[in-house]
Amino acid sequence: MMICAAPVENPAGHRSSMRRGACPSLATPMVTGDGLLVRLRPAKPGFALQELVALSEAAEVCGNGILEVTARGSLQIRGLTAAMVPVLASKMADAGIDIAEGIAIETPPLAGLDVTEIVDPLPLAAQLRAAVAACQPPLVLAPKLSITVDGGGHLHLGGVTADIRLRAVRIDGQTFWLLAIAGTEATAKRIAVLDEPLVAPAVVSVLKSLAAMGDSGRARDLDAAILKAGMVSVADVNAVEPVEPAPNSAGIHDLGENGKALGFGLVFGQIRARELRTFLEVLETFGATHIRMAPDHALMVLGMGLDRVGAAQALALGHGLRAFPLDPRNHIAACAGAGACASALIDTRVTAQAVIDAAPSLLDGSLTVHVSGCAKGCAKPSASALTITAAPMGYGLVVNGAASAAPNAYIEEKTIRTAMERVQALVRERKRAGESARSCLTRLGAEVIAAAVRQG
Ligand code: SF4
């Protein structure tokens, strides 16, 4: 197993980490503002429903009862004490829950089931895990290093940042893999279009280059031209069409002969473990069998008949979940915030709700508003159309950037609603026929938006 962070001994003798960029695994939970946090990825493509029920019960007993699904689709249990971490591990072992370790090799939430996929990416992901595990000496890599393997389906991982990206592409009736590094689908540098047998050796070669940089080496530090020169591409990487943005996970997804998957989002990424458990127990009576974690803080429920979909969505709303693609809360990303994270300077959930109340028509599905408790931007590391981040005197507003970028305008704490109303009014006044909020904001540019916020 890869050691994810430089751990420290806490008073109870458990190893935990406060290091930025660390990986808060069960072996090295992370210290946060509300106790220890562990992040879990199932070893299989998802959890059996009863496994997630067991994890919810364990989170109630061992943690502070708050569960999260991250922007990448990992499960987090918050508020653990050092003494309760081994209890959690034991409860997970009793429930037969198998957790992935080592480098994150991620596949889309409906991998292998999505009828729009060019190819099922799960076998290649398994092949990559085996290839990495077989490396001798073992590769020591940055804890947060990640690889995405995307079969080319509609619910893809294009918006998720990754060090190494693989996407199935179809050229002249044959399937190949587009390899890119460092970023999202839109921002990553394309390296080569590879025949499948060459993919694992190519990825291992990139990983060895990263390992040579030490345990903080990330793909953004690699020279793309050198990588390109060392690989045989079967086609021009720039001739591969970009993908359309993925639909929101919340809602119904057609799986052809595999039935339907029903997506539910956690509001601002969190839910009480008790709420999730009672929700899942009813879903089981509706026929649900498995749950997959999805990006955008969502759960994909599998196994339910179409006749129970309406009842399940109504139930989800009663449990405070997002169940429909048009829910404006789908388009806000907020981190744990004050009270849950020691670095947070603002209550992100209160701020996110204020944005929804003040400017609902901005959240038309074309953009994401990101509310971040500090410049780290955990809820959405990539750029957002609008990012509201904590600043010493209130908030910083970043236009078309990430939480770490220099704000284009500052907003006093008590005027956040007014500021967002002004942005909404600006878009309403200046939007052209058929234009989305995102397109309008992009056309207006940061200066105009910042001026509207400052001047009213
Ligand atoms: S972005 Fe949010 S969760 Fe991440 S460190 Fe900052 S305050 Fe904490």
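Side chains are part of it too, since the values below use all heavy atoms of this structure and drop only hydrogens, waters and symmetry mates.
Checked against Val199 for a side-chain contact (heavy atoms from CB on, under 4.5 Å), the options Leu166, Val149, Val204 give a single hit: Leu166.
Counting heavy atoms from C-beta on, the side chains of Gln270 and Leu67 never come closer than 4.5 Å. Side-chain atoms of Arg438 and Asn400, non-hydrogen and from C-beta on, do get closer than 4.5 Å to each other. Here the side chains of Val369 and Leu367 are in contact, with some heavy-atom distance below 4.5 Å. The shortest side-chain heavy-atom distance between Leu179 and Val203 falls under the 4.5 Å cut-off. For the pair Leu141/Asp215, no side-chain contact is recorded, criterion being any heavy-atom separation below 4.5 Å from C-beta on. Leu52 is listed as a side-chain neighbour of Met293, based on a closest heavy-atom distance under 4.5 Å. Looking at heavy atoms from C-beta onward, Leu49 lies out of side-chain contact with Thr289 at the 4.5 angstrom threshold. Using a 4.5 Å heavy-atom threshold, the side chains of Leu362 and Met420 count as touching.
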side-chain contact (heavy atoms from CB on, under 4.5 Å) between Val169 and Ile171, worked out: CA-CA 6 Å; Val169 294; Ile171 300 173; 4.3 Å; yes
Test side-chain contact (heavy atoms from CB on, under 4.5 Å) applied to Arg329 and Ile356, step by step: CA-CA 7 Å; Arg329 297 172 300 179; Ile356 292 170; 3.5 Å; yes
Starting from the C-alpha separation in whole Å, work towards a yes-or-no answer on side-chain contact (heavy atoms from CB on, under 4.5 Å) for Leu426 and Val448. CA-CA 9 Å; Leu426 176 72; Val448 173; 4.2 Å; yes
Between Ile99 and Leu26, does a side-chain contact (heavy atoms from CB on, under 4.5 Å) hold up when you go through it step by step? CA-CA 9 Å; Ile99 293 301; Leu26 205 50; 5.7 Å; no
Candidate pair Asp34 and Arg78, rule salt bridge (charged side-chain N to carboxylate O under 4.0 Å, His left out), full reasoning: CA-CA 7 Å; Asp34 60 351; Arg78 303 196 71 99; 3.1 Å; yes
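Here Leu155 contributes atom CG and Thr116 contributes atom OG1; the two are 8.5 Å apart, rounded to the nearest 0.5 Å. The distance from the CD1 atom of Ile103 to the NZ atom of Lys144 is 14.5 Å, given to the nearest 0.5 Å. Atom CZ in Arg308 sits 10.5 Å away from atom CG in Leu315 (nearest 0.5 Å). In this structure, CD1 in Ile181 is found 12.5 Å from CD1 in Ile147, a value given to the nearest 0.5 Å. We find the CD1-CG distance between Ile416 and Leu397 to be 7.5 Å, quoted to the nearest 0.5 Å. Rounding to the nearest 0.5 angstrom, the gap separating the CD1 atom in Ile271 from the CD atom in Glu275 is 6.0 Å.
Sequence neighbours left out, the pairs with a member in residues 350-373 that pass salt bridge (Lys or Arg N to Asp or Glu O under 4.0 Å) are Asp357-Arg417. Listed by first and then second residue, the salt bridge (Lys or Arg N to Asp or Glu O under 4.0 Å) pairs that reach into residues 240-255 are Asp254-Lys260, sequence neighbours excluded. Residue pairs meeting the salt bridge (Lys or Arg N to Asp or Glu O under 4.0 Å) criterion with at least one member in residues 110-122, sequence neighbours excluded, do not occur. Sorted by first and then second residue, the side-chain hydrogen bond (donor to acceptor under 3.5 Å, both in side chains) pairs involving residues 220-240 (not counting sequence neighbours) form an empty list. Applying the side-chain hydrogen bond (donor to acceptor under 3.5 Å, both in side chains) test to residues at least two apart or on different chains, the pairs with a partner in residues 162-179 are Asp163-Arg218, Arg167-Glu185, Arg170-Thr175, Trp177-Glu196.
With sequence neighbours excluded, the residues satisfying ring pair (Phe, Tyr, Trp, His ring centres under 6.0 Å) with His253 are His154. Residues passing the ring pair (Phe, Tyr, Trp, His ring centres under 6.0 Å) test with His319, sequence neighbours excluded: Phe279. Taking the salt bridge (Lys or Arg N to Asp or Glu O under 4.0 Å) definition, one finds that Arg72 meets it with Glu106, sequence neighbours left out. Partners of Gln313 by side chain to side chain donor-acceptor pair (under 3.5 Å), not counting sequence neighbours: none found. Under the rule for a side chain to side chain donor-acceptor pair (under 3.5 Å), Arg129 has no partner lying at least two apart in sequence or in another chain. The side chain to side chain donor-acceptor pair (under 3.5 Å) test applied to Lys431 returns no partner, not counting sequence neighbours. Qualifying side chain to side chain donor-acceptor pair (under 3.5 Å) partners for Asn258, counting only residues two or more places apart in sequence or in other chains: none.
The backbone N or O of Ser439 sits less than 3.5 Å from a side-chain atom of Ser436, completing a donor-acceptor pair. Proximity of a side-chain donor or acceptor of His297 to a complementary backbone N or O of Val69 within less than 3.5 Å is detected. In this structure, the side chain of Gln424 engages the main chain of Ser361 through a donor-acceptor pair within 3.5 Å. Looking only at distances, no side-chain donor or acceptor of Ser384 sits under 3.5 Å from a matching main-chain atom of Lys380. Remark: the backbone N or O of Ser74 is paired with a side-chain donor or acceptor of Thr70 at under 3.5 angstrom. Arg422 contributes a side-chain N or O that, together with a main-chain N or O of Val453, makes up a donor-acceptor pair within less than 3.5 Å.
The nearest pair of heavy atoms linking Tyr410 to Gly396 is CD2-CA, 4.0 Å. When all heavy atoms of Thr389 and Cys374 are compared, the pair lying nearest together is OG1-O, 3.5 Å. Shown here for Gly251 and Pro325, the closest heavy-atom pair between the two residues is CA-CD, 4.1 Å.
Electrostatic pairing of Lys44 and Glu51 counts as a salt bridge here, judged by a charged N lying under 4.0 Å from a carboxylate O. We find that Glu435 and Arg430 are not joined by a salt bridge, their nearest charged nitrogen and carboxylate oxygen being 4.0 Å or further apart.
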